[in-house]
Amino acid sequence: MSKVPNSQPLYDPSSSAQLYLSKLAEFSKANLETSQAESSAIIDKAVDFIREVISFDYALVGSVVSNSDRCRVHATYGIDNVGKSLDGQAAMIMSVLTRGITTFGGAEAHAIEMAATMLKGATITAGISVPIYVDKQPLGLLAIYCKNEQTFSTSQIIFLEQMAGLISYYLQLNLLVPAVGHAAQKVVEAKIEWEKAIDSFPQLVIVLDAFERIVRVNRAIYDWGLGTVSSHKGSDVSQFISELTKREPGDVHNEWQEAWTQLKSQGLIEWESISPDSDITLRYSLRTLKTGDTELNVATQHNGYAVLIIEDITKLRHLEKEREEYTNKLEEQVKRRTSLLLSVNERLNKELEEHKRNKIALQISKARYTHLVQNTLAGICIIENGCIEFSNNRFLEILGYNPLEIGGKKFIGIVAPDYRKQVSAEIAKVIAKQSADYFGIVKLVDNHYTEHWIEIKLDLLEGEEQARVLVNIVDITKLKQIEETLRENEKHLHILSSQLISAQEAERKRLAAELHDGLGQELSSIKYKIESTVNGVQTTCYPQCKSMMHDTIEHIRMAIDETRRMAMDLRPTMLDDLGVIMTISWFCRRFQETYQSIKVHQVIQVQEQNIREVLKVVIYRVLQEALNNVAKHAQASEVYVSLYQDAQGLCLEIEDNGCGISTKLKHKSDRDMGFGLSSMRERVEQTGGSFNIIEVQPNGTRLEMNWNVAI
């Protein structure tokens, strides 16, 4: 059985509560004006009306007549054997239930048993009783019970309270007791209030008679797990304490007799005991009951002579012990902390002085920072929620705004339309921390709608509650114009360089043809005529002149060979007649004949028809220059020449095992590298290729030329 706090009619917005209250209003309006003679019939109507609203199996409306020994039954439902009054145990149960709202559940077997006893053995699983107040005193109850398990909502409890109030109104019309009975009832009420008070104590409160027997135990006995309120009535108190503490009965009896003897002379005895099997500590307080300054007479001592209060103070003693230990530790800590206090105080003073100095330094730093920001060459602004919150002087100068015009302006509004989508996306990434920062080149529009090329950098300001973006801008419009001019000049330069190389090749070809067809032919003709003349002269004549003629012929032959060599160096005719592959083979054989200490290895893995005409001269000139460099500088014993085709295009590699190229030379500009390497790079890059110099370990150099274009 569980107690429910006295509920006041509260506004419940649920639909069920509204239904209950509306039905209650209908019932009250229909029955309030009924005559006094019909009070009993109205109570029966009330029970039937409750049945229509709440489902139950049994109902009982009763009141305490003069004391808890006899109670009157005003109305019932589902139980015919109760009669018009209750007495004995049933009346005592009803008087107990009038103290407050009580609910019954299936797990509370004792409470269910009590309710079943009051209803003469009816089968009960759940129920609820609500007190009926007469003259502000609980003198009756309205109870409903169910055979099956059921729970009651707050709205239903409030409804039953209101119905109990209506029933109270009709009870007061005809059923008020006489004045004497009313006075007796007041005594009963006082007793009930006293019992309710001691039942609320968490301590065990035991009323004893003069013979050391238990008269009553408060309801705390349920929490202690020692039985029921009435199960120990008439028991010897020392036996009860022995069962409670699990101590030897003899020891408990002797201790109790000593306390009981002292009680007669002192009126109040207090002591403590510890259970031997555990560290549970109980405090006992034994006090006599008095009326004024006089003890209760012997005639009434069988009802109440003394009160014994038993309190479990185990936790209190543990807390006291912990408090003592904590106090000792605290005192030690206080001593240690006190010894540190002076040094901490001194350090605090030093920190305070340092804080003052830092504050002054911060103010100076802030002034310097403001000056620096305002006078920096870069434009600076801060964006918050897409709007410009701050901008320095340079930012205003670049875009031609004044502070009043730029403040609060949407930043994206000063971005050129072609770049707005890109800038918006980058700002969103920076705010979302998807990228640490952003650096790029965009166009901004100034106050006169003129576009400027701008280097822009976006950074998220950390530690800000609101996401704010720091924007740095540099006006590179003039630089862009210069770059455009340089690109145009470079383009013209490449065209001129290409034309120069083509003109050089054409001139070489012309000179080679002139040497071969002009000077070479003339020298050959002179040599032939002299040889014919010498053959026609008598061998016996002019021996000295003949010797001179032979010497002249030899010199002419040498001049012819030199002319042919010069023509081949200028432009091998086989390059046009036989192709670049045969020319590479011829040149490698000739190079090895000239430099016999250098072994040349050739790997040719490409077909002649797969090489564009424009690349043939380039390949030959690069090979010619590279092998000449190997002969002059590399100190190599072997050279590998590879020309092959892969999925990317055409590749030419020339690798030697010489002393290697200087790292410094490899990273120098074309002007510092020398005419040979720079001319090779120029030829390759002008034809859409790439030129790389690679150091070979442990020594040597490899030149790689790649033309990543369709061959």
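Positions are given from 1, in the same order as the sequence printed here. A quick note: this is a predicted structure, and the numbers were derived from the prediction, not measured.
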Sidechain N-carboxylate O distance under 4.0 Å for [X], [Y]:
{"X": "E353", "Y": "K350", "answer": "no"}
{"X": "D437", "Y": "K457", "answer": "yes"}
{"X": "K329", "Y": "E332", "answer": "no"}

Would you indicate whether the side-chain heavy atoms of [Y] and [X] approach each other to under 4.5 Å?
{"X": "V423", "Y": "Y438", "result": "no"}
{"X": "Y644", "Y": "E653", "result": "yes"}
{"X": "I441", "Y": "K480", "result": "yes"}
{"X": "E351", "Y": "H355", "result": "no"}
{"X": "C588", "Y": "Q592", "result": "no"}
{"X": "I654", "Y": "V639", "result": "yes"}
{"X": "E322", "Y": "L319", "result": "yes"}
{"X": "F591", "Y": "I598", "result": "yes"}

Between atom [atom1] of [X] and atom [atom2] of [Y], what is the distance when rounded to the nearest 0.5 Å?
{"X": "Y640", "Y": "K599", "atom1": "OH", "atom2": "NZ", "result": "10.0 Å"}
{"X": "I382", "Y": "D459", "atom1": "CD1", "atom2": "CG", "result": "11.5 Å"}
{"X": "Y595", "Y": "R590", "atom1": "OH", "atom2": "CZ", "result": "9.5 Å"}
{"X": "I619", "Y": "M705", "atom1": "CD1", "atom2": "CE", "result": "9.0 Å"}
{"X": "L623", "Y": "L643", "atom1": "CG", "atom2": "CG", "result": "9.5 Å"}
{"X": "L652", "Y": "I584", "atom1": "CG", "atom2": "CD1", "result": "7.0 Å"}

Taking [X] for its side chain and [Y] for its backbone only, find out whether a donor-acceptor pair lies under 3.5 Å.
{"X": "R394", "Y": "A378", "result": "no"}
{"X": "N385", "Y": "C387", "result": "no"}
{"X": "E608", "Y": "V580", "result": "yes"}
{"X": "S424", "Y": "K421", "result": "no"}
{"X": "N706", "Y": "G649", "result": "no"}
{"X": "D446", "Y": "G400", "result": "no"}

(request) Show your working on side chain to side chain contact (heavy atoms under 4.5 Å, CB included) between H452 and T450 and close with a plain yes or no. (result) CA-CA 7 Å; H452 295 257; T450 302; 4.3 Å; yes
Provide the closest heavy-atom pair for [X] versus [Y] in the form atom of the first, atom of the second, distance.
{"X": "T687", "Y": "V684", "answer": "OG1-O, 2.8 Å"}
{"X": "V471", "Y": "F411", "answer": "CG1-CZ, 4.0 Å"}
{"X": "S343", "Y": "L340", "answer": "OG-O, 2.8 Å"}
{"X": "V618", "Y": "W707", "answer": "CG1-CZ2, 4.0 Å"}
{"X": "I454", "Y": "I476", "answer": "N-CG1, 4.0 Å"}
{"X": "Q645", "Y": "N610", "answer": "OE1-ND2, 3.7 Å"}

(message) Could you check whether atom CD of E455 has more than 12 heavy atoms from other residues, nucleotides or ligands sitting under 6.0 Å from it?
(response)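 Correct, the count exceeds 12.
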(message) Does H601 have more than 12 heavy atoms from other residues, nucleotides or ligands lying within 6.0 Å of its NE2?
(response)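 Yes, NE2 of H601 has more than 12 neighbouring heavy atoms, counting only those of other groups under 6.0 Å.
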(request) In sequence, state the C-alpha distance, the side-chain angles, and the governing distance for I414 and I388, and then conclude on side chain to side chain contact (heavy atoms under 4.5 Å, CB included). (result) CA-CA 10 Å; I414 64 174; I388 298 175; 4.1 Å; yes
(message) Before you tell me yes or no, could you show the steps for F395 and I406 under side chain to side chain contact (heavy atoms under 4.5 Å, CB included), namely the whole-Å CA-CA distance, both residues' side-chain angles and the distance that decides it to 0.1 Å?
(response) CA-CA 10 Å; F395 188 89; I406 202 70; 4.2 Å; yes
(message) Any donor-acceptor pair under 3.5 Å linking the side-chain atoms of E426 with those of Y419?
(response)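 No - no donor-acceptor pair under 3.5 Å links their side chains.
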(message) I'd like to know whether E384 forms a side chain to side chain contact (heavy atoms under 4.5 Å, CB included) with F390, so could you lay out the CA-CA distance, the side-chain angles of the two residues, the decisive distance to 0.1 Å, and finally the verdict.
(response) CA-CA 9 Å; E384 182 177 347; F390 165 82; over 6 Å; no
